[in-house]
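Remember, predicted model here, so these are calculated numbers, not experimental data. Ligands are counted one by one from 1 in listed order, and the atoms in each one are counted from 1 as well.
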Amino acid sequence: MTQTLNLTEYLKRYFGFDKFKGEQQAIIQNLLDGNNTFVLMPTGGGKSLCYQLPSLLMEGTAIVVSPLIALMKNQVDVINGISEEDGLAHYLNSSLKKLEIDRVKADISSGKTKLLYVAPESLTKEENVEFLKTVKISFYAIDEAHCISEWGHDFRPEYRRIRFAIDEICKAPIIALTATATDKVRTDIIKSLCIDDCKEFKSSFNRPNLYYEVRPKRSDEDTNRQLIRFIRQHAGKSGIIYCLSRRKVEELAAVLQANDIKAAPYHAGLDSETRSKTQDGFLMEEIDVIVATIAFGMGIDKPDVRFVIHYNIPKSLEGYYQETGRAGRDGEEGICITFYSQKDLKKLDKFMEGKPVAEQEIGRQLLHETEAYAESSVCRRRLLLHYFGEIYPNPNCEMCDNCLHPKEQIEASKQLLIVLQAVKTLGEKFTQEYIINFVSGNASEDIKDHLHHQLDDFGVGEKEDSKIWAPVIRHALLAGFLRKDVESYGQLKLTAAGKRYIKNPTKFMIVLNAEFNEEDEEDEIIGTPSVLDPELFAILKELRRTTARKLEIPPYVIFQDVSLEQMAMMYPITENELQNIQGVGAGKAKRYGAEFCRIIKKYCEENNIERPEELRVRTVVKRSMRKVKIIQDIDRKLPLNDLATAQGMEFDELLDNIEDIVNSGTKLNIDYYLEDIYDEDQIDDIYDYFMNSETDDLETAVVELNDDYSEEEIRLVRIKFLSEMAN
Ligand code: ADP
Ligand code: MG
């Protein structure tokens, strides 16, 4: 190898960059020197260049193992773009046809190809191994190397077989690269690739420009509202929202679109054409917000993503770190918000049932870490970096919710001592949960099995508030008094500092966890707890009255009182907003809405009224399946009693539903049914009554009609009347 290369000149010539980022140069030099190399660098750090540049300078072809086909094509295009000659880079994966494969192989054999991207399963394929044996290999690059480990967030079993394939093909230096690796994952990678002798390059994982926040998730509605408000405050900026399920992705994207946000869904269930169109739209800034499952993001190199939001808490902190890492790659603003609820956590836990036990153990442990992260009141940056084995020296990062709104600290040296003693007494063989049960005197099955409830120290801390233990242990981990042993699924071990502390305890301040109370979840507040504006209500009533007179219909046909009341609270000023008012469907909004909106708007302007934000959050029309079925069945002229039976409803209940449908502005024609069971005269009688009545109240009608008709009859005709008059 020529040692006279000026790497910086090559960097400029091939990639147009003036200087190396971080440790790129040292990494590349190490590889050029023929050494195994391990690169741990956060997303956006510039890992690709660490193998791309040397591949161009070395003799032979570099093999790059990468898990994603989409990503390969992209990178190959980039490399081929830097030279006039074709075939500098190629990829080999299951998407290629026979003919294309032959061309790739011909280019490789001719020595033209400097970089060959392969999927792990292609690398281990017998015929490819045979072919590669005939090729001069410069080195092997294993990108996204965390896929090797079950302890990472994206385990790919085929990655485990890479080393066997390499042994068969031929020996050459190996460079493994990843953006996320805890100590455990790092060891797994090095073991599986047999590169104990490698030189490691670890960049700091701190992303100083990212702001971290965890918000309690009360209900989907509330979360949607917060999201829409947030996106409006950041109008025109790019963002990604991660959801757990494809269904949620579709649903949320629709809600955002209905609120005039340029959003699009993205998940693996969409066809590839749609997906790449969405991706391009995002890159070209025709789409502001992508709502996606975690299928989105790997290999998306958009430097100015301004926010990443997790609609659900992710399965692991590795995943969380990777996904939030997509924000602010250019070093500018990057806001990372996660919505957290115990309910979501339990869902994730449930997903794991049915998986092999070992996998469940791992999954649960990863989940515990995310839970602790979400609930802790400690600096989030510090927690995250600690998780990745890095110490964050500053007491306050000023860029996370916990640092910006610090909780009161309390002295907990007594409690810390209790915990450390317990860990010692129990021989450092138990997990956090076990230790907490032990000190708080909770004789779980497990504890009884070990007869630990008979020990003197059992329940030494039972007088303490049980909520104190988890934060005490978390702080002890952060302070280095305890260590969590990953190999043994999270057993707590005493460190040397911990042993010293037992002998010589000092002051120890902690903050308690935030409360994520399940109870609030149910009390769903509809809109703001705003009050009725009596003045506006009177104006609206008057408008209803004059309109009714003009149209010669009773006022309640236009809007019911509840609707007017809500209008006087929510101040809707467009047809769309009006549809969010109870009892107002598209039909009524269109037919009667314009004048009401105009009046409300004028009123707001004249009185300087700030309209509640909440209303402007439009929901997608989501009629219950049941109501859709009822409408369809009535269209098909099904007798109402049969319909009720078929739907498993009482007749009354069916009428309630039909009234709802009609009241919100959908026309329903039930004449076929009425004519079947009543005389025309009878129908006319009741119909006329409503035409001339001041109210549509049922009891009044029964009385006024001299008890000649049953409540049910009256209701049925009233439905006909409302449907014809109002809709
Ligand atoms: P990673 O794989 O570590 O997430 P990439 O290799 O995709 O990161 O690189 C991230 C971005 O940084 C890319 O846009 C790349 O072009 C850019 N980049 C890499 N090296 C340099 C450099 N030396 N100077 C400027 N930009 C660079
Ligand atoms: Mg990369």
Can you check whether Pro303's main-chain N or O pairs, donor with acceptor, with Arg329's side chain at less than 3.5 Å?
-> no
So, are Asp485 and Arg483 salt-bridged, with charged N and O less than 4.0 Å apart?
-> yes
Presence of salt bridge, Asp304 and Arg306, under 4.0 angstrom = no
Can you sort out the partners of Glu121 under side chain to side chain donor-acceptor pair (under 3.5 Å), two or more places apart, ordered by chain and number?
-> none
Those protein residues which place at least one heavy atom below 4.0 Å from ligand 1 = Phe17, Lys19, Phe20, Lys21, Gln24, Pro42, Thr43, Gly44, Gly45, Gly46, Lys47, Ser48, Asp301, Arg329
Quiz item: cation-pi between Lys105 and Phe131, 6.0 Å / 45° | yes
Are Gln75 and Tyr117 linked by a side-chain donor-acceptor pair shorter than 3.5 Å?
-> yes
